[in-house]
Amino acid sequence: AGFPHVYAGTAHATDIGIGRLQAEALWGHLGESAYFDSVSTDNRRLFAGVVFALQPRVLDGLTLGFARAYQRTIPTAGLSLWHQFFDPYRSVGVNSGPGSGYEDDQLVSVFARWAFPASGFEAYLEYAREDHWHDLLDLAMEPDHSRAYTVGFQKIYTDLPGPGRRLRIAGEVTNLNASPTWESGRGGAINFYTHGQIHQGYTHDGQLLGAPIGPGSDSWYLGVDVLGPADRVLGVALERIRFDNDVYYQRLAAQYGHRGHDLELTASVHGAMDVGGLQLVGELGYSHRWDRGFVGMLNGTNLPQDNNISLTLGAAWRPR
């Protein structure tokens, strides 16, 4: 479910001379799961985010962006309007910690997308960091500390037989694994979406805000779609997800070796079509998973395996 929030931003890309800029800021309140803990003083959190996207004038099709997310526990007495709307955008520093008056969690990311309409190709990436660097030397030595990234592409082929028919090939890799810097004993936000000061992490009512694979996981995706007139889509996809690698490598791998991962492979077929302004979508998937939740490793048994079939149907009305 969504969380209560307000936002303000540009309605469209605005010309600022060196290019076209879009910006948005968001404020909201996050709740805690009813099953998380019995501490009543940290049940609500302030969430604030800001994102900028620039399309440089000299590089057609390129978009460069910066995003920052911030969350802070709301005390029982509440927060002033200043702390609600301005404090999240103060200077980021390592003085945010116990006793500083700013027990918060700050996440930053940079992203880019380069599209080439003439060839039907685009590539994109996002690189995020959960923990602040102490100084520039620290950033130069360990830029990968508490990092996560997504890299993807899309290619459209237009020379298919039939009117308005196109072929799309898309792929994406996401990695939320802890970097090797944790082996040195470095603290802070080792596992992405988690933090020592905000114990709930990036969640609302116990549900994750972010990549659905979750902290410590990685995924590969490859899809092929045939696109037709009237927003028709028919495609197939393959996806591989390895869950909770941080838990496995930090607690289990030394004892159980390299064959106890929580791994899921999924094959799916999906489609969409427009019927008089009503967009119909559907997906049928088959998944095979090994050692869900590391149950087999922990019980000392052979890796348990399970199969799942999923069916998703949806409809959206778009007034013309």
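Shown here for Gly216 and Asn177, the closest heavy-atom pair between the two residues is O-OD1, 3.1 Å. Between Gly17 and Arg57, the shortest heavy-atom contact is O-NE, 2.8 Å. Nearest approach of Pro75 to Thr73, heavy atoms of both residues: CD-O, 3.4 Å. Ser109 approaches Ala128 most closely through the heavy-atom pair CB-CB, 3.5 Å. When all heavy atoms are compared, the tightest approach of Leu176 to Asp246 is O-OD2, 4.2 Å. Scanning both residues, Pro304 and Gly296, for their nearest heavy atoms gives CD-CA, 3.4 Å.
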Original post:
side chain to side chain contact (heavy atoms under 4.5 Å, CB included) between Arg44 and Glu32: does it pass, once the steps are laid out?
Top reply: CA-CA 6 Å; Arg44 294 190 305 146; Glu32 178 183 271; over 6 Å; no
**OP:** Determine, step by step, whether Ile18 and Ile16 satisfy the side chain to side chain contact (heavy atoms under 4.5 Å, CB included) criterion, reporting the C-alpha distance in whole Å, the side-chain angles of both residues, the deciding distance to 0.1 Å, and the verdict.
**Re:** CA-CA 6 Å; Ile18 61 172; Ile16 60 171; 4.1 Å; yes
**OP:** Would you sort out whether Asp218 and Arg242 count as a salt bridge (Lys or Arg N to Asp or Glu O under 4.0 Å), showing the intermediate values?
**Re:** CA-CA 6 Å; Asp218 60 65; Arg242 192 172 55 169; 2.9 Å; yes
Subject >> Worked check of side chain to side chain contact (heavy atoms under 4.5 Å, CB included) between Phe47 and Leu26 >> reply: CA-CA 8 Å; Phe47 177 85; Leu26 178 147; 3.6 Å; yes
**OP:** Using the side chain to side chain contact (heavy atoms under 4.5 Å, CB included) rule, take Arg129 and Leu139 through it: C-alpha gap first, then chi angles, then the decisive distance, then the call.
**Re:** CA-CA 11 Å; Arg129 180 164 169 143; Leu139 179 62; 3.9 Å; yes
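Few gaps surround CG on Asp306; more than 12 heavy atoms of other groups in view lie less than 6.0 Å from it. Counting heavy-atom neighbours within 6.0 Å of Gln207 CD, excluding the residue itself, gives a total of 12 or less. In the displayed structure, Arg251 atom CZ is contacted under 6.0 Å by at most 12 heavy atoms of other residues, nucleotides or ligands. Applying the 6.0 Å contact sphere to CH2 of Trp27 captures more than 12 heavy atoms from other residues, nucleotides or ligands. Heavy-atom neighbours of Tyr7 OH from other residues, nucleotides or ligands within 6.0 Å: at or below the threshold of 12. Environment of OH in Tyr157: sparse, with no more than 12 heavy atoms of neighbouring residues, nucleotides or ligands closer than 6.0 Å.
Looking at Asp144, its side chain never comes within 3.5 Å of a backbone N or O of Arg147 through a donor-acceptor pair. Between the side chain of His5 and the backbone N or O of Phe3, at least one donor-acceptor pair lies under 3.5 Å. Checking side-chain atoms of Tyr221 against main-chain N and O of Leu238 turns up no donor-acceptor pair under 3.5 Å. In this structure a side-chain-to-backbone donor-acceptor pair under 3.5 Å is present from Ser217 to Asp244. At distances below 3.5 Å, at least one donor-acceptor pair connects side-chain atoms of Arg45 with backbone N or O atoms of Gly31. With hydrogens and angles ignored, the 3.5 Å screen pairs a side-chain donor or acceptor of Ser80 with a backbone N or O of His83. Between the side chain of Gln200 and the backbone N or O of Asp205, no donor-acceptor pair lies under 3.5 Å. No side-chain donor-acceptor contact under 3.5 Å links Trp114 to the backbone of Phe121. In terms of modelled atom types and a separation under 3.5 Å, the side chain of Asp135 and the main chain of Asp138 share a donor-acceptor contact.
Within the model, atoms CG of Leu263 and CZ of Arg240 stand 5.5 Å from one another, a figure rounded to the nearest 0.5 Å. Taken to the nearest 0.5 Å, the CD1 atom of Ile169 stands 9.0 Å off from the CD1 atom of Ile156. Of the inter-residue distances, the one linking Asp15 atom CG with Gln55 atom CD reads 10.5 Å to the nearest 0.5 angstrom. Separating the NE2 atom in His29 from the CD1 atom in Ile74 is a distance of 3.5 Å, to the nearest 0.5 Å. Annotation: the span from His195 atom NE2 to Tyr202 atom OH amounts to 8.0 Å, rounded to 0.5 Å.
Residues Leu222 and Tyr149 are members of separate hydrophobic clusters, defined by side-chain heavy-atom contacts under 4.5 angstrom among Ile, Leu, Val, Met, Phe, Trp and Tyr. Following chains of ILVMFWY side-chain contacts shorter than 4.5 Å, one can reach Leu252 starting from Leu303, so the two form part of one hydrophobic cluster. Each of Leu21 and Leu59 belongs to its own hydrophobic cluster when Ile, Leu, Val, Met, Phe, Trp and Tyr are linked at side-chain heavy-atom distances under 4.5 angstrom. Both Phe116 and Leu64 are part of a single hydrophobic cluster, where members link through side-chain heavy atoms under 4.5 Å apart. In the hydrophobic clustering of this structure, Leu208 groups with Ile241; members are Ile, Leu, Val, Met, Phe, Trp, Tyr whose side-chain heavy atoms approach within less than 4.5 Å, directly or through other members.
With Phe153 as the aromatic partner, Lys155 does not meet the cation-pi criteria of under 6.0 angstrom to the ring centre and within 45 degrees of the ring axis. Relative to the six-membered ring of Phe243, Arg289 meets both conditions, a distance below 6.0 Å and an angle of at most 45° to the axis.
The closest side-chain heavy-atom distance from Val51 to Phe111 is below 4.5 Å. Within the 4.5 Å cutoff, no side-chain heavy atoms of Leu280 are placed close to those of Leu313. Leu167 has its side chain within reach of Val224: a pair of non-hydrogen atoms, C-beta onward, lies under 4.5 Å apart. Contact of the Ile213 side chain with the Thr174 side chain is registered, since non-hydrogen atoms from C-beta on lie closer than 4.5 Å. Taking the side chain as every heavy atom from C-beta outward, Tyr286 and Asn307 approach each other to under 4.5 Å. Using a 4.5 Å heavy-atom threshold, the side chains of Val281 and Thr312 count as separate. Between Arg20 and Leu54 there is no side-chain heavy-atom pair separated by less than 4.5 Å. Taking 4.5 Å as the limit, every side-chain heavy atom of Asn191 sits out of range of all side-chain heavy atoms of Val247.
Side chains of Thr76 and Thr41: a donor-acceptor N/O pair is absent below 3.5 angstrom, by distance only. In summary, the side chains of Tyr70 and Asp105 do not present any donor paired with an acceptor at a separation below 3.5 Å, with no hydrogens or angles considered. Inspection of the Tyr124 and Glu172 side chains reveals an N or O donor paired with an N or O acceptor under 3.5 Å.
The pair Arg166-Asp159 fails the salt-bridge criterion, with no side-chain N (NZ, NE, NH1 or NH2) lying under 4.0 Å from an Asp/Glu carboxylate O. For the pair Glu122 and Arg113, the salt-bridge criterion is met [side-chain N within less than 4.0 Å of a carboxylate O]. Ion pair Asp262/Arg292 not flagged as a salt bridge, since none of the NZ, NE, NH1 or NH2 atoms sits closer than 4.0 Å to an Asp/Glu carboxylate oxygen.
Ring-plane geometry between Tyr249 and His261 is classed as perpendicular, the angle between the planes exceeding 60 degrees on a 0 to 90 degree scale with a lower cut at 30. Aromatic ring pairs are classed by plane angle as parallel below 30°, tilted from 30° to 60° and perpendicular above 60°; the pair Trp290 and His288 is perpendicular.
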Can I get a per-line list of side-chain donor-acceptor pairs under 3.5 Å for residues 266-273, giving both atom names and the distance, sequence neighbours left out?
residue: Thr266; atom: OG1; partner: Ser287; partner atom: OG; Å: 2.7
residue: His270; atom: NE2; partner: Asp225; partner atom: OD1; Å: 2.6

